[in-house]
*Asks:* 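Dropping the structure in here first, questions after.
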Amino acid sequence: MILDCAIVGGGPAGLTAGLYTTRGGLENVIMFEKGMPGGQITNSSEIENYPGATGEITGMELMDPWPEQCQKFGLKHEMVNVTRVTKTDKLFTIHKEDGTTTDAHSVIIGTGSSPRRAGFKGEDELFGKGVSTCATCDGFFYKGKEVAVIGGGDTALEEALYLAKICKKVYLVHRRDTFRSAPNTIERIKRTENIELVLNSSPEEVYGDKMGVTGLKVKNKEGEIRDISVPGVFTFVGNDVNNQTLIQEDGSFLCDMNDQGQVIVDISMKTSVPGLFATGDMRIAAPKQVVSAAGDGAVAALQAISYVDELLNH
Ligand code: FAD
Ligand code: NAP
């Protein structure tokens, strides 16, 4: 069977594309997602800027009803890691880690982005043993203890606020003295008594013993080293685009990309390859918001419906 549309990635972009393609009349649509559907927002402890989602709501709670809503209109879900997307003539092929392949007339890709490593000594060795990129997953282990958070963007500040509710104290380590975050989040950080700002300071080394992390060394602009004794270090230093599935056997990309590895699309989410649409955090100029990723998914789905109709019926 050839799919009308293959959706790669089951975050807000992929799920919305699934909803709109199936509800809009495409019959054979599979969403390939390597984990649980929902995407990276499921790691967020609080979301307050998704329209209509008022009150204290976690990312997990926000995304919980999305898959069921799509399934109602016929979206199928295959839990598998997609290794590559290729195109021969007018047909796309989805290559999967289990060795199988699926063919499709159109592809909507929304594989999002993944947390970046900061690159200091000990970070890789102690990852999962006290170094983490997910406060909602691991924050509870540090209930009543002190932790360090590294980064100065929206994610670092929001997750520092979340950790401050659980932990005795949070050291917020940032390499500059200004943050790249929403002003009201910065205000909340400044008002939170158990958050200590460690500014103009970069992580040098995280160290520990057999049990895990025991401390973090940071260096300030004057070159002075400060030793912070903590069992947990949370890094939130940005994300890398997940574009691996678009890399072809010869190392080239399936479609045009920019120098940051983001997919180049037009306002209809069309890539340089007819029938291939890119959505959400992985595309150029992405606002990196749930609402915009969902919007991209809807736009791409409507385009995919027209593309498949044109391909098969004209
Ligand atoms: P993603 O959510 O990254 O989803 C991509 C999906 O593709 C994932 O489920 C992944 O498993 C899957 N995938 C990747 N590669 C493959 C593969 N090879 N095969 C199969 N599946 C694959 N935005 C807001 O609007 N408000 C907020 O408050 C907010 N808070 C945030 C807090 C945190 C901690 C983080 C990390 C992000 C936050 N964001 C927030 C940003 C928001 O989560 C993203 O902009 C949004 O999730 C992007 O959606 P997406 O569908 O493009 O990608
Ligand atoms: P980000 O905005 O790229 O911020 C990364 C932070 O980490 C920056 O402060 C950066 O410092 C610092 N940093 C980078 N590399 C570092 C290193 N090697 N060592 C130490 N510090 C390092 O990433 P983000 O906070 O994850 O946000 C990503 C996107 O998602 C943004 O567009 C953001 O607005 C969005 N988002 C939105 C919300 C929301 O709407 N509520 C919530 C979360 C995320 P510099 O500042 O010096 O560069």
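Ligands are counted one by one from 1 in listed order, and the atoms in each one are counted from 1 as well. Everything numeric here is computed off the predicted structure, so don't read it as measured data.
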*Asks:* Counting heavy atoms only, which part of Phe236 comes closer than 4.0 Å to ligand 1: side chain, backbone, both or neither?
*Replies:*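 It is neither part, as no heavy atom is under 4.0 Å.
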*Asks:* Just to verify, which of Thr214, Val131, Val233 counts as forming a side chain to side chain contact (heavy atoms under 4.5 Å, CB included) with Leu126?
*Replies:* Val131
*Asks:* Just distances here: any N/O of Thr155 and N/O of ligand 1 closer than 3.5 Å?
*Replies:* no
*Asks:* For ligand 1, is there an N or O atom under 3.5 Å from any N or O atom of Val82?
*Replies:*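 Yes; at least one N/O pair falls below 3.5 Å.
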*Asks:* Of all the heavy atoms in Val80, does at least one lie under 4.0 Å from an atom in ligand 1?
*Replies:* yes
*Asks:* Determine, for Glu159 against Lys165, whether the closest basic-nitrogen to carboxylate-oxygen distance falls under 4.0 angstrom.
*Replies:*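 Salt bridge absent between Glu159 and Lys165.
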*Asks:* What part of Phe120 sits under 4.0 Å from ligand 2 if we count only heavy atoms: the side chain, the backbone, both or neither?
*Replies:* neither
*Asks:* So, for Ala304 and Ile108, which heavy atoms are closest and what is the spacing to 0.1 Å?
*Replies:* CB-CD1, 4.0 Å
*Asks:* Please write down residue, atom name and distance for the protein heavy atom closest to atom 43 (C) of ligand 2.
*Replies:* Thr155 OG1, 3.3 Å
*Asks:* Using only heavy-atom distances, determine whether the side chains of Lys87 and Thr93 contain a donor-acceptor pair under 3.5 Å.
*Replies:* no
*Asks:* At what distance is the nearest protein heavy atom to atom 45 (O) of ligand 1, and which residue and atom is it?
*Replies:*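 Ranked first by proximity to atom 45 (O) of ligand 1 is Asp281 OD1, 2.9 Å.
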*Asks:* Tell me, which protein residue and heavy-atom name are nearest atom 36 (C) of ligand 1, and how many Å apart are they?
*Replies:* Gln40 OE1, 3.4 Å
*Asks:* List every atom of ligand 2 that sits less than 4.0 Å from any heavy atom of Gly152, numbering the atoms from 1 in the order shown and giving each element.
*Replies:*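 Per the distance check, 6 (C), 7 (O), 8 (C), 9 (O).
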*Asks:* Taking non-hydrogen atoms only, is Ile47 closer than 4.0 angstrom to ligand 2 via side chain, backbone, both or neither?
*Replies:* neither
*Asks:* Any nitrogen or oxygen of Thr279 lying under 3.5 Å from a nitrogen or oxygen in ligand 1? Just yes or no.
*Replies:*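 No - when backbone and side-chain N and O of Thr279 are compared with those of ligand 1, no distance drops under 3.5 Å.
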*Asks:* Which residues pass the side chain to side chain contact (heavy atoms under 4.5 Å, CB included) test with Leu197, not counting sequence neighbours?
*Replies:*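 With sequence neighbours excluded, Leu197 shows a side chain to side chain contact (heavy atoms under 4.5 Å, CB included) to Leu172, Phe179, Ile189, Ile195, Leu199, given in chain and number order.
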*Asks:* What are the atoms of ligand 2, with element, lying closer than 4.0 Å to any heavy atom of Phe236?
*Replies:* 6 (C), 7 (O)
*Asks:* Does an N or O anywhere in Glu33 fall below 3.5 Å from an N or O of ligand 1?
*Replies:*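 Looking only at distances, the answer is yes, because the N/O contact criterion of under 3.5 Å is met.
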*Asks:* Is there a nitrogen or oxygen of Glu48 sitting under 3.5 Å from a nitrogen or oxygen of ligand 1?
*Replies:* no
*Asks:* Can you tell which part of Ala13 has a heavy atom less than 4.0 Å from ligand 1: side chain, backbone, both or neither?
*Replies:* both
*Asks:* N/O to N/O below 3.5 Å, does that happen between Ala118 and ligand 2?
*Replies:* yes
*Asks:* For residues 263-282, please give each side-chain donor-acceptor pair under 3.5 Å, one per line with the distance, not counting sequence neighbours.
*Replies:*
unit_1	atom_1	unit_2	atom_2	d
Asp266	OD1	Ser268	N	2.8
Asp266	OD1	Met269	N	3.3
Asp266	OD1	Lys270	N	3.0
Thr271	OG1	Val273	N	3.1
Thr271	OG1	Val273	O	3.2
Thr271	OG1	Leu276	O	2.8
Ser272	OG	Asp256	N	2.9
Thr279	OG1	Ile109	O	2.9
Asp281	OD2	Gln40	NE2	3.1
Asp281	OD2	Ser113	OG	3.4

*Asks:* Just heavy atoms, cut-off under 4.0 Å: does Thr245 contact ligand 1 by side chain, backbone, both, or neither?
*Replies:*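 Within the 4.0 Å criterion, Thr245 contacts ligand 1 through side-chain atoms alone.
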*Asks:* Under a 4.0 Å heavy-atom limit, does Asn239 contact ligand 2 with its side chain, its backbone, both, or neither?
*Replies:*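 Just the side chain.
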*Asks:* Could you see which bit of Glu158 sits under 4.0 Å from ligand 2, with heavy atoms only: side chain, backbone, both or neither?
*Replies:*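 For Glu158, only side-chain atoms sit under 4.0 Å from ligand 2.
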*Asks:* Answer side chain, backbone, both or neither: which part of Ser113 comes under 4.0 Å from ligand 1, heavy atoms only.
*Replies:*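 Contact part for Ser113 vs ligand 1: backbone (N, CA, C, O).
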*Asks:* With a 4.0 Å heavy-atom cut-off (strictly under), which part of Val290 contacts ligand 1: side chain, backbone, both or neither?
*Replies:*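 Near ligand 1, Val290 shows its backbone as well as its side chain.
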*Asks:* Using the rule side chain to side chain contact (heavy atoms under 4.5 Å, CB included), only one of Met36, Lys34, Glu33 pairs with Met79; which is it?
*Replies:* Met36
*Asks:* Would you mind checking which non-hydrogen protein atom is closest to atom 14 (C) of ligand 1, with the distance to 0.1 Å?
*Replies:*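 Of the protein heavy atoms, Thr111 O, 3.4 Å lies nearest.
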*Asks:* Would you mind finding which of Gln289, Arg176, Arg180 brings a heavy atom closest to atom 1 (P) of ligand 2?
*Replies:* Arg180
*Asks:* Which residue from Asn43, Leu157, Thr133, Val237 reaches closest to atom 14 (C) of ligand 2 through any of its heavy atoms?
*Replies:* Val237
*Asks:* Counting both backbone and side chain atoms, is some N or O of Asn242 under 3.5 Å from an N or O of ligand 1?
*Replies:* no
*Asks:* From atom 49 (O) of ligand 1, work out which of Gly11, Ala135, Gly280, Pro12 has a heavy atom at the shortest distance.
*Replies:*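 The residue whose heavy atom sits nearest atom 49 (O) of ligand 1 is Pro12.
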*Asks:* Out of Glu48, His174, Lys288, Arg175, whose heavy atom sits nearest atom 15 (N) of ligand 2?
*Replies:*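 Of the listed residues, Arg175 has the closest heavy atom.
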